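Here is the structure we will look at.
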Amino acid sequence: MKCPLFTGLSFLILPSIEPPRVQFIVKLIEANGGSMVDSLINDTVILINDTFVESHTLRKSELFHSEWSYDEELWYKLVSNEQLEFFKLSWLSECLKHQKLLDKADFRARLMEEDNGNSNSPHVDAISIETQSSAEDTEVEDQTLDFDVQTELLKSDANVMASQSVIEDTSESKSTVKPNLALTRALEQLFKKYRLQGDTYRARGYQLALQSIESHDKAITSEQEALSLPNIGPSIASKIQTILKLGSLPGLNEADKNEELLDYFMACHGVGAQTARKWVSNGITSLTEALKAYPSDFTWNVLFGWRFYEDWSVKIPREECADHLALMEKALRDVDSSARIVLTGSYRRGAATCGDIDTVLYKPGCDDIWTLSQILEKLVLRLKGMNYIRCPLNLNHALGQEFKPMIETLTHAAGFHESYVSGPKEVLKKFYFGGKLPSNTTHGLSKTEQQVPRLKFEDSLMSESDQNTHCRRVDILLSRWSQLGAVMIYFTGNDDFNKSLRIRATKRGWKLSNNGLYQSNANTEKKDLLIESFDERRIMSLLGVVWCPPEERNIKGYI
DNA sequence: AGGCTGTACTG
DNA sequence: CAGTAC
DNA sequence: GCCT
DNA sequence: GGTTG
DNA sequence: CAACC
C-alpha cells in the first residue's frame, strides 16, 4: 500500500471552488490525501482555474475577480508576494491521470494581467541606498554631489521669496517693486507666443528667463548683467540689450490676430497647440468653421470641451471645492465605507480659487488596482445617477457602455452619425469629468467677475452655460495604498515643484513619477527598483528637499 | 548634440 | 504613433 | 530658448 | 479628535 | 486602519 498521491499537500484553488468542475477536483484531492485551504499556509500549492489562464498569464480578469470567493486580504497577499508561484489547475488533473506528481514547470502562471509597468510589493523596505545615505533626515544638501550649490541656494532663496509673494499677491501687490517691468513684459509675450505655437522648450526657456529676472530685485542696466543671470543666454541677453536701448522690442507689441485665435481655440479642452495651429494656418476663424473643415478633429472629448467652453474657463471658489468633495464622499461611503477621497491640487496648496478640482481616491491597505477600479466605477455610476456628472472625459469599457447614450446625443448634435464604440480598457486608473452641483448648493455668487474667454457668437450653439451654477472640471485619480505618497506629491504639485523633484531624481540616477521613487534601470532590462513610494516626506528628504507643507509648494522655476 | 518631468488616455 | 491632458 |  | 501615511 | 500631532 502506497501513500495516496497528495498526502501532506495543501491546495488553494483560484478564484473559487464553487464551479462544479472544481468541486469534482476537490473531491479527488481529498480522496488522494490532499487538503483544501482558504488562506496561505506553508507550502500551499496555488492553482488557477485554467479558464483564466492563457499563455501562462491571467486573462478575463474581470470575470476572475467577480468570481473571487476569498477575502480581499488574501488577494492582497497573493499579488504583493513576489516569491509565490502559481500553476494551472490542469497540472492536478494530469497528475491524477498519470497517478504521479508531474513537473509543475509547464503549468506555471502569473497572477498579474498585462501589467507592463511595475508591480510593486507594498511592504518592501527601501533597498539599500548606502551610496547616497547622507540626505536622509538631515535636512542638508550633501556636498559631494553638488558643484553648483551656490547657484542652487541662490535659486531656492529667490524661490522662497517668489512663492511668498505669490501667496500674498492674491489681493494686492503694491508693496512689490518691479524694476524690470519692460523686460518681463517682453519676455512674457515671447513665452506666450512660443507656447501658443507649440514650441514648448523655447517657451520654457523664456519662462525660466522671465522668472530669473523677476527674482532679481535690482534694475538690469546692461547686457552683461543680464547674461550673468541663470537661464539667460546670448539670445535673450541681446534682446534685453535692444530693449534697454530702444525701450521695446521691435515687432512685438502689435496685437496679433493669429495669436488671439490660437488662444481662443486652445482654451477648449482637447484642442492643443498642434490642432489650433493647423486650423489657424488654414484660415479657420471659429470652432464652427473648424468643425466643417476638420470634422475628425472633433472627438467627443473636444465636443464636450466646446459644450463647456465657458464654464471651464471660470475659476472655482475654494469653498465650492469642498462642496464637491462632500458630495463625492457621501456617494463613496455607499460604495465602500473604507475607501477615502481627498482634495489635492491647488486646493491642497491653499489656493482661494482653483482651476479644477483634483482628488485622490484610495482604500487603506488596498494595493489592488482592479479593486480600486471597481470602486471608482461604482462611484461614477452613482454620481451619474445623481445627475452630478454631466460629461465624462475618459472611459473604460464598462463606463463606455453607461455613457454611450450621452456621447451619441452629443456627436449627433455635431452632425456625426457613426455610433460610439467604447475602448477595450478594463481598469480605470483615473476618471476626469465635468460635474455640476445641484443649484441650491450655490455658494458665493462670484462677485469678483473675472475676465474670461467667451465663445464667439457663431460658436455658442454647441455650448451650454448657466448663470447659477457652473459645470466644473473634476479629476479623480486612483492610488495604490503603497504609492499614496508619490501620488499625493504628483497631484498636489505645482508643476514646477514636480519638475524640480523629478530633475533632482534624475540627477541622482533615480526616477520619480506618480508611482514612486525608483532607481532607474533604463538600459539593463531589469525592472526599476523601488526606493520609496508611500512616504511623501521621505521621498522629498531623499531628494534633498526640506519638507514643506503644500501651501509652500507654489513655486516658480526650479528648487 | 541632445535633454528639457513622467504617465495615461484617445483615435 | 501623435496629440492632449494631468 | 538654455544648459551640460 | 482630526490629519496623515 | 494605525500612527501621529
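Just so it is clear, the structure is predicted and the values come from calculations on it, not from any experiment.
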For A/Y347, is the NZ or CZ atom of A/R318 found under 6.0 angstrom from the centre of its six-membered ring and inside 45 degrees of the ring axis?
-> yes

Requested in this report: Start with the C-alpha distance between A/D256 and A/K193, add both sets of side-chain angles, then the distance that settles salt bridge (charged side-chain N to carboxylate O under 4.0 Å, His left out), and finish with yes or no.
Outcome: CA-CA 10 Å; A/D256 191 333; A/K193 171 177 165 185; over 6 Å; no

Counting N and O atoms only, with roles assigned by atom type, does the side chain of A/N180 sit under 3.5 Å from a partner on the main chain of A/L183, one being a donor and the other an acceptor? no

Inset, instruction - Check whether any side-chain nitrogen or oxygen of A/T506 sits under 4.0 Å from OP1 or OP2 of B/dG6, and answer yes or no. - result: yes

* Apply the test ring pair (Phe, Tyr, Trp, His ring centres under 6.0 Å) to residues A/Y388 and A/H324: give CA-CA distance (whole Å), side-chain angles for both, the deciding distance (0.1 Å), then the verdict. => CA-CA 9 Å; A/Y388 168 63; A/H324 286 257; 5.6 Å; yes

- When you compare D/dG1 with B/dA8, how far apart are their P atoms, in angstrom units rounded to a whole number? 34 Å

*N or O in side chain of A/Y194 less than 4.0 angstrom from D/dG1 OP1/OP2*: yes

| message | Check the phosphate of B/dA8 against A/K425, side-chain N and O only, distance under 4.0 Å to OP1 or OP2. Yes or no? | response | no

| request: Look at the side chain of A/Y432 against the base of B/dC9 and say whether a donor-acceptor pair falls under 3.5 Å; ignore hydrogens and angles. | output: no

Practice item. Remember a base hit wins even if backbone is also touched, and classify A/D358 as base, sugar-phosphate or nothing at under 4.0 Å, heavy atoms. Key: sugar-phosphate

Is the shortest side-chain N/O distance from A/R502 to OP1 or OP2 of B/dT5 below 4.0 Å?
no

### Query
Counting heavy atoms not belonging to A/K378, are there more than 12 under 6.0 Å from its NZ?
no

Select base, sugar-phosphate, or nothing to describe what A/S296 touches, counting heavy atoms under 4.0 Å on all strands.
-> nothing

- Message: Any salt bridge linking A/K430 with A/D358? Criterion: basic side-chain nitrogen under 4.0 Å from a carboxylate oxygen.
- Response: no

A/Y309 and A/D459: side-chain donor and acceptor closer than 3.5 Å?
no

| message | Over all strands shown, is A/K278 touching base, sugar-phosphate only, or nothing at heavy-atom distances under 4.0 angstrom? | response | nothing

Discussion item. So A/N394, base contact, sugar-phosphate only, or nothing? Heavy-atom distance under 4.0 Å.
Written reply: sugar-phosphate

Using a heavy-atom cut-off of 4.0 Å across all strands, would you classify A/L395 as base, sugar-phosphate, or nothing?
sugar-phosphate

Testing B/dT10, D/dG1, C/dC6 for proximity to the side chain of A/W300, the answer is B/dT10

(message) For the base of B/dC4 and the side-chain ring of A/Y201, does the geometry meet a stacking cutoff of under 5.5 Å between centres and under 30° between planes?
(response) yes

Quiz prompt | Ring-face cation contact, A/W547 with A/R553, 6.0 Å cut, 45° max | solution = yes

Using the P atoms only, state how far C/dC1 lies from B/dG3, rounded to an integer number of Å. 16 Å

When you measure from the side chain of A/R277 to the backbone of A/G198, do you find a donor-acceptor pair of N or O atoms at a distance under 3.5 Å? no

Review item, nucleotides 2-5 of chain E N/O atoms under 3.5 Å of protein N/O:
{"unit_1": "E/dG5", "atom_1": "OP2", "unit_2": "A/E536", "atom_2": "OE1", "d": "3.2"}

| said: Using a 4.0 Å heavy-atom cut-off, does A/L512 contact any base of the nucleic acid, only the sugar-phosphate backbone, or nothing at all? | reply: sugar-phosphate

With the side chain defined as heavy atoms from C-beta on, A/D356 is closest, among D/dC2, B/dT7, C/dC6, to C/dC6

For nucleotides 1-3 of chain C, print each protein N/O atom paired with a nucleotide N/O atom at under 3.5 Å, atom names and distance only.
{"unit_1": "C/dG3", "atom_1": "O3'", "unit_2": "A/T275", "atom_2": "OG1", "d": "3.4"}

Output for pair (A/L484 CG, A/D367 CG), nearest 0.5 Å, gives 10.0 Å

